[in-house]
There are 2 protein chains.
Amino acid sequence: MLTIGEFAQMTHLSVRTLRRYHEAGLLEPARVDPSSGYRYYDAAQIPTAQVISKLRELDVPLADVRQILLTQDPAARATLVTEHLQRLEDQLARTQAAVASLHRLLRPGPAGVAVELRQVPAQLVATVEDTVAHTDVLAWYAGAMAELDAVVRETVGPPGGLYDNALFTRGRGHVSVHVPIAAPVPAVGRVRSTELPGAELAVAVHAGVHDTIDVTYGELGRWVADHTLAVAGPVRETYLLGPRDTPVAAHWRTEIGWPVFRVTGAG
Amino acid sequence: MLTIGEFAQMTHLSVRTLRRYHEAGLLEPARVDPSSGYRYYDAAQIPTAQVISKLRELDVPLADVRQILLTQDPAARATLVTEHLQRLEDQLARTQAAVASLHRLLRPGPAGVAVELRQVPAQLVATVEDTVAHTDVLAWYAGAMAELDAVVRETVGPPGGLYDNALFTRGRGHVSVHVPIAAPVPAVGRVRSTELPGAELAVAVHAGVHDTIDVTYGELGRWVADHTLAVAGPVRETYLLGPRDTPVAAHWRTEIGWPVFRVTGAG
DNA sequence: CGCAACCCTCCCCCTGCGGGAGGGTGCACA
DNA sequence: TGTGCACCCTCCCGCAGGGGGAGGGTTGCG
């Protein structure tokens, strides 16, 4: 039987942290003296404490750590851990993208994004839509696109997507993926035929991988504001050239279109 | 002039977040209406907002972001940013170490660390000591070791270190590095000659890189507790074989010694 | 003028940890 | 059998950086 202080020393955790883990139901002391409330730990609990410690170093939330600890089956447990490692990899990718954006933003001189105003007509599309979290967009997109591919035989243009603004500002929002079509397709699975309404779009083209697409977004936003326009509705991305067209990422072309209207008020 | 909502839409930040950045002095609105308190932004502020956003994605604290934004000189600014990128790399290394430890901990079966009790005599050493933060230990160690190398001509054994427990449980503690010597060396810089007191040590040897050294620590702690011993004083590491001896990390050998004493009380 | 959409401030909540106050326990030593 | 001290307890507050929501003022279109 070890006192909390001794156990802290063995596990390189602080006494406070051990108490918190007890409170959170992560690491129950082997014995709690009913009269004094003193916590006593067993040496056999050291590995458990270390697993918690390592998971915390990986920023796994306490609730998820508890879930992992409660999972007895080694295979199921490994699955849970792998999910978190996957999350770490995603985060790493996002970090690298942020670094790339940052470099481009801090590079002196304007980014020099060409913007044009364009009136686009209504277009019949096959679409898949949903409300998703910002972090899940990529995975969702892949699934939705695969579903579209399976249903739609003939397209009359490059695929695109609509991204509700709440996706960015609230971390969750309405998203849809579409391909333009000449005639309606039958509703299969999540695929629907609908009309993408016409609009006046402020359009910019982003070249290369999406790592630094925010810079293009920013320039587009600046242009829109500078031309006394206001944004009306979700942003439209059109994938003129993407991974399905060429493996050379530098050749990719993404068109960003922001529906705008002229502000009637002040100049 | 953009309202906060419009500006939020352009920058993909939430209205709340923009207000917080204003409050924190990171992004002052171009104009604040004195009567209504409404914030109005200029399109030219979009790139600034994006820089903030990207730095935040890299977990740069708001205070440091402000520092970076206030730095006009591009070179000085680049230095500040690079410092944070360095921090990210360190964190990545720690993450990888944690993943390695975790895998080893979750592998079924005991880790099988051999522990022995050993009485070590007092030893004259040349030492460098300081109080440092846990995250700085590696860098500090390299500097201290270099200083020892420069001063001490002849050693009579492998180098070692003492690590105060507070280093782990409080994130900051007393640390010292030493090499055993036959005769005192003159005090130069931070180097001092002193006697490392004799002690009864519970000793385990960790093989390979330090990524998974916590597992060995845990096993050692378990052994100590199982043998009704208690820890008395800072842990001692001895670098039997290290990077200065062989470039093959798998061959490295680190001896971990925990000063212990027999518990007189209950069994 | 009415009304909806927007904006304001203020307060509380979340996560995971640390500091410190105020008070009870355990145990060696005299 | 004290006595002293290190240890332990609970409870409250702080930090970062953000979200939710209440309650109330502004803006601007129809």
Side-chain angles (χ1 to χ4, degrees), chain A residues 1-9 12-27 29 31-41 52-53 55-66 133-134 165-166 168-173 230-232 261-266, chain B residues 1-9 12-27 29 31-41 52-53 55-66 133-134 165-166 168-173 230-232 261-266:
Chain A
M1 281 301 171
L2 301 161
T3 66
I4 195 169
E6 291 164 340
F7 193 72
Q9 201 160 34
H12 290 166
L13 290 166
S14 77
V15 169
R16 295 198 93 86
T17 300
L18 286 173
R19 283 203 271 255
R20 201 185 325 278
Y21 290 171
H22 177 199
E23 195 180 357
L26 287 189
L27 188 61
R31 191 170 76 82
V32 178
D33 188 300
S35 73
S36 69
Y38 276 31
R39 297 169 177 85
Y40 295 96
Y41 294 82
I52 298 175
S53 163
L55 288 172
R56 284 298 306 136
E57 280 183 40
L58 301 179
D59 277 330
V60 176
L62 290 187
D64 296 19
V65 173
R66 181 171 48 197
H134 188 215
N165 194 58
F168 307 107
T169 58
R170 300 204 181 197
R172 185 174 183 77
V231 173
F261 63 93
R262 202 156 294 279
V263 175
T264 59
Chain B
M1 279 303 172
L2 300 160
T3 66
I4 196 170
E6 290 165 340
F7 193 71
Q9 200 160 31
H12 290 167
L13 290 165
S14 78
V15 169
R16 293 199 96 85
T17 300
L18 285 173
R19 283 203 272 254
R20 202 185 323 277
Y21 291 171
H22 177 200
E23 195 180 357
L26 285 189
L27 188 63
R31 191 171 77 84
V32 178
D33 187 300
S35 71
S36 69
Y38 276 31
R39 297 168 177 85
Y40 295 96
Y41 294 81
I52 298 174
S53 163
L55 288 171
R56 284 299 306 135
E57 279 182 42
L58 302 178
D59 277 329
V60 176
L62 291 187
D64 296 20
V65 172
R66 183 171 46 196
H134 188 215
N165 194 58
F168 307 107
T169 58
R170 299 201 182 201
R172 184 174 184 78
V231 173
F261 63 93
R262 204 156 292 280
V263 175
T264 58

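Below, all heavy atoms of this structure are taken into account, side chains as well, without hydrogens, waters or symmetry copies. Quick caveat: nothing in here was measured; it's all calculated off a predicted structure. A, B, ... follow the sequence lines: proteins, then strands. Residue 1 opens every chain.
What separates CG of B:Asp64 from P of D:dC15 is a distance of 17 Å, to the nearest Å. Whole-Å rounding puts the B:Phe261 CZ to C:dA28 C1' distance at 11 Å. Between the C1' atom of C:dA5 and the CD atom of B:Glu6 lies a distance of 12 Å, rounded to the nearest Å. The nearest whole Å value for the distance from the CD atom in B:Glu23 to the P atom in D:dA16 is 11 Å. Summarising the geometry, the separation between CZ on A:Arg20 and C1' on D:dC15 is reported as 13 Å, rounded to the nearest angstrom. The separation between B:Ile4 atom CD1 and C:dA5 atom C1' is 15 Å, rounded to whole Å. Regarding A:Leu18, its CG atom lies at a distance of 14 Å from the C1' atom of D:dC9, rounded to whole Å. Here D:dA16 presents its P atom at 14 Å from OH of B:Tyr21, a figure rounded to the nearest Å.
Judged by closest nucleotide on DNA chain C, B:Gly5 is the one of B:Gly171 and B:Gly5 placed further toward the 5' end.
At least one side-chain heavy atom of A:Thr3 sits less than 4.5 Å from a side-chain heavy atom of A:Tyr40.
Of all heavy-atom pairs spanning A:Leu13 and A:Ser53, the tightest one is CD2-CB, 4.0 Å.
For C:dG26, the OP1/OP2 oxygens have no side-chain nitrogen or oxygen of A:Thr3 closer than 4.0 Å. Close to D:dC8, at under 4.0 Å from its OP1 or OP2, lies no side-chain N or O of A:Arg19. Phosphate contact (OP1/OP2 of D:dG19, side-chain N/O of B:Ser14, threshold under 4.0 Å): present. Not one side-chain nitrogen or oxygen of B:Thr17 sits closer than 4.0 Å to the OP1 or OP2 atom of D:dG17.
Distance CZ/B:Arg20 to CG/B:Leu26: 11.0 Å, rounded to 0.5 Å. Distance check: A:Tyr21 OH to A:Arg39 CZ gives 14.0 Å after rounding to the nearest 0.5 Å. Here CG of A:Leu2 is found 12.0 Å from CZ of A:Arg31. Values are rounded to the nearest 0.5 Å.
A side-chain donor-acceptor contact under 3.5 Å links A:Arg66 to the backbone of A:Ala24.
Counting distance only, with no hydrogens placed and no angle test, the side-chain atoms of A:Arg16 and the base atoms of C:dG19 include a donor-acceptor pair under 3.5 Å.
For the segment residues 33-41 of chain B, residues with any heavy atom less than 4.0 angstrom from an atom of DNA chain D are, sorted by number, B:Ser36, B:Tyr38.
In this pair, A:Phe168 and B:His12 present their aromatic rings parallel. The plane angle is below 30°, not in the 30 to 60° band.
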